[in-house]
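All chains are named by letter (A, B, ...) in the order of the sequence lines, taking the proteins before the strands, and each is independently numbered beginning at 1. The figures here come from the full heavy-atom set of this structure, side chains too, leaving out hydrogens, waters and symmetry mates.
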Protein chains: 2
Amino acid sequence: MPEINTWQIIKNNVLRRLSERQWLPGDTLPSEMEFAREFGCARATVNKALNELASTGILERKRKSGTRVTINPVRKATMSIPVTRQEIQARGCTYSHVLIENTLKRLPAHMTSRFNVPGGVKALHHKALHLSDHEAFLYEDRWINTIVMPDIQEVDFTTISANEWLVGHAPYSRGELSILSAAASADEALHLGIDEGRPILIVERTTWSDTQPITFVRLAYRPGYRLNSTL
Amino acid sequence: MPEINTWQIIKNNVLRRLSERQWLPGDTLPSEMEFAREFGCARATVNKALNELASTGILERKRKSGTRVTINPVRKATMSIPVTRQEIQARGCTYSHVLIENTLKRLPAHMTSRFNVPGGVKALHHKALHLSDHEAFLYEDRWINTIVMPDIQEVDFTTISANEWLVGHAPYSRGELSILSAAASADEALHLGIDEGRPILIVERTTWSDTQPITFVRLAYRPGYRLNSTL
DNA sequence: TAGTGGTCTAGACCACATA
DNA sequence: ATGTGGTCTAGACCACTAT
């Protein structure tokens with residue numbers, strides 16, 4: 001428990017007292033002024049420490065009513081979703097990727113509703129396979145809105161993955177993420193080199209720039225893959 | 001874009017300029033002092049705004065070298081993992097749960113390593129089914145460390161779920177979370193009322209109080225379940 | 001109405017990494 | 001050596017809400 005700063009000392013102290021059940025779920029903690037006196041510091045310092053704890057969902061803070069221990073804490077896990085190349089290289093493996101498809105075509109029905117655009121609009125359909133030590137790791141099936149990203153049709157995706165290009169060229173303002181389990185489709189099974197119907201982890205992500213959809217991607221991970229996080 | 005506070009105004013302003021590509025990945029932003037002059041505010045206010053952006057992974061800050069636009073941002077998604085009862089009730093459904101097993105037994109080998117305890121130690125093996133509108137929603141298979149939580153053997157888990165009891169009585173200091181896709185085991189399939197081998201989403205969680213493991217739980221969600229989040 | 005947290009200031013000192 | 005962000009202070013005013 002490294003305690004270098006005053007606000008971290010306060011944070012850790014409060015955490016310890018919570019684990020020792022000095023304050024139970026629903027209880028009100030002392031006010032910022034009281035903590036400031038206890039620790040001999042400014043109120044702003046206490047404010048930072050308590051807000052830090054509130055951001056993890058352990059405490060709830062409201063003006064006038066004070067700081068309370070959350071009764072049914074919504075546990076918040078921060079999942080880090082790195083660029084695939086980095087994720088693979090971080091494990092000490094060799095990264096490579098193969099472009100499978102990159103064509104302009106009419107959006108299918110399930111995509112027009114997702115992109116909230118009229119039917120008949122064309123978009124870039126992009127499929128690629130990411131490999132770890134030359135073995136299939138992740139199959140990517142992506143639609144890119146060419147109205148928002150016209151430059152993308154000139155990009156050579158055999159040298160850089162769409163994943164990385166978009167990260168560098170399409171700053172998003174908003175995104176939605178969905179994690180599910182599915183039976184591998186024929187397409188996914190073929191490219192991942194597994195049997196159709198095998199359970200695989202799917203991550204679907206839509207990103208928006210203001211009100212314009214930029215891209216929708218469905219990531220199919222090879223069997224055995226886990227998304228890990230600490231609480 | 002509600003702009004009430006100075007620090008939120010600054011944050012939104014910087015976000016807009018980033019999306020307009022005024023600063024590209026790798027670029028250095030103006031210093032806090034320069035921003036403070038631009039917005040006519042104190043440096044602490046700029047500090048709060050930029051730290052807010054850095055916490056989302058968009059910016060990277062280092063003493064002396066300044067604030068840079070992250071080159072390969074590790075996208076951070078915050079997943080909210082509510083207590084199951086709340087999650088079901090929030091959808092307007094009726095929550096109920098059934099206790100399936102709650103017995104003290106020797107830890108199997110894969111759990112002794114996970115709990116980092118010697119072999120032969122006993123723990124509470126707890127299985128329960130959570131229902132939404134009287135249909136199977138989530139099957140919970142849990143081991144609880146009775147050395148750390150001796151009171152738990154007296155609890156009546158037919159009235160309160162282990163999930164909720166632990167949230168209120170076992171504050172954890174640390175936790176690990178793992179999300180994966182798996183074929184439903186015979187046990188899971190039986191209780192969820194599905195065919196064995198069906199792909200289901202699995203969440204495994206271990207929580208620790210300081211150095212002592214409190215509980216390990218494997219949550220098996222019914223087919224079709226999605227974990228959602230915004231970026 | 002009163003007490004709480006939210007925000008902001010002007011200034012200060014410090015830790016750190018770069019040049 | 002220098003300039004950056006990290007932290008802290010003492011004080012202030014404000015917004016919200018329980019009483």
Side-chain angles (χ1 to χ4, degrees), chain A residues 1-15 17-18 22-71 73-74 76, chain B residues 1-15 17-18 22-71 73-74 76:
Chain A
M1 226 181 278
E3 293 184 356
I4 309 164
N5 310 315
T6 310
W7 72 263
Q8 285 176 349
I9 292 172
I10 297 171
K11 178 186 162 187
N12 288 332
N13 181 288
V14 171
L15 267 179
R17 283 150 86 170
L18 281 168
Q22 175 171 342
W23 302 299
L24 298 178
D27 285 359
T28 302
L29 267 62
S31 73
E32 293 188 346
M33 275 307 299
E34 290 175 281
F35 273 123
R37 276 193 292 273
E38 175 181 345
F39 289 95
C41 67
R43 185 168 75 90
T45 308
V46 176
N47 186 277
K48 174 151 187 167
L50 295 184
N51 278 336
E52 188 86 2
L53 291 172
S55 76
T56 71
I58 296 174
L59 301 180
E60 282 175 334
R61 320 195 71 201
K62 262 197 301 203
R63 285 166 156 112
K64 166 69 181 176
S65 84
T67 302
R68 290 164 177 276
V69 183
T70 308
I71 294 183
V74 174
K76 289 178 184 167
Chain B
M1 225 181 279
E3 294 183 356
I4 308 164
N5 310 313
T6 310
W7 73 265
Q8 284 175 350
I9 292 173
I10 299 172
K11 178 187 163 186
N12 288 332
N13 182 288
V14 171
L15 267 179
R17 285 150 85 170
L18 281 168
Q22 176 172 343
W23 302 298
L24 298 178
D27 286 359
T28 302
L29 267 62
S31 72
E32 293 188 346
M33 274 308 298
E34 289 175 281
F35 273 124
R37 275 192 293 272
E38 175 182 344
F39 289 96
C41 68
R43 186 168 75 90
T45 308
V46 176
N47 184 277
K48 174 150 187 169
L50 295 184
N51 278 335
E52 189 85 1
L53 291 171
S55 76
T56 72
I58 296 174
L59 302 180
E60 282 175 335
R61 319 195 72 201
K62 265 196 300 203
R63 284 166 157 114
K64 165 70 179 174
S65 83
T67 302
R68 289 164 178 275
V69 183
T70 307
I71 293 183
V74 174
K76 289 178 186 167

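Between the C1' atom of D:dT4 and the CG atom of B:Leu50 lies a distance of 12 Å, rounded to the nearest Å. Atom P of nucleotide D:dA15 and atom CZ of A:Arg61 are separated by 19 Å, given to the nearest angstrom. At whole-Å resolution of the value, NZ in B:Lys64 and P in C:dC13 are 20 Å apart. What separates CZ of B:Arg43 from C1' of D:dG6 is a distance of 8 Å, to the nearest Å. Between the P atom of C:dT7 and the CZ atom of B:Phe39 lies a distance of 17 Å, rounded to the nearest Å. C:dG5 atom C1' lies 13 Å from atom CG of A:Leu59, rounded to whole Å. Between the NZ atom of A:Lys62 and the C1' atom of D:dA18 there is a distance of 10 Å, rounded to whole Å. The nearest whole Å value for the distance from the CZ atom in B:Arg37 to the P atom in C:dA10 is 14 Å.
The shortest distance between the side-chain N/O atoms of B:Thr6 and the OP1/OP2 oxygens of C:dC8 is below 4.0 Å. For C:dG5, the OP1/OP2 oxygens have no side-chain nitrogen or oxygen of A:Asn47 closer than 4.0 Å.
Here the side chain of A:Asn12 pairs a donor or acceptor atom with the backbone of A:Gln8 at under 3.5 angstrom. With A:Thr70 contributing its side chain and A:Gly57 its backbone, the two residues share a donor-acceptor pair below 3.5 Å. Judged by distance alone, with hydrogens and angles left aside, the side-chain atoms of B:Arg61 form no donor-acceptor pair with the main-chain N or O of B:Thr67 at under 3.5 Å.
Using a 4.0 Å heavy-atom cutoff across all strands shown, A:Asn51 reaches sugar-phosphate atoms only and no base atom.
The listed nucleotides are C:dG5, D:dT17, C:dT7; the one nearest the side chain of B:Lys48 is C:dT7.
Counting atom types as modelled, A:Arg63 pairs a side-chain N or O with a base atom of D:dA15 as donor and acceptor under 3.5 Å.
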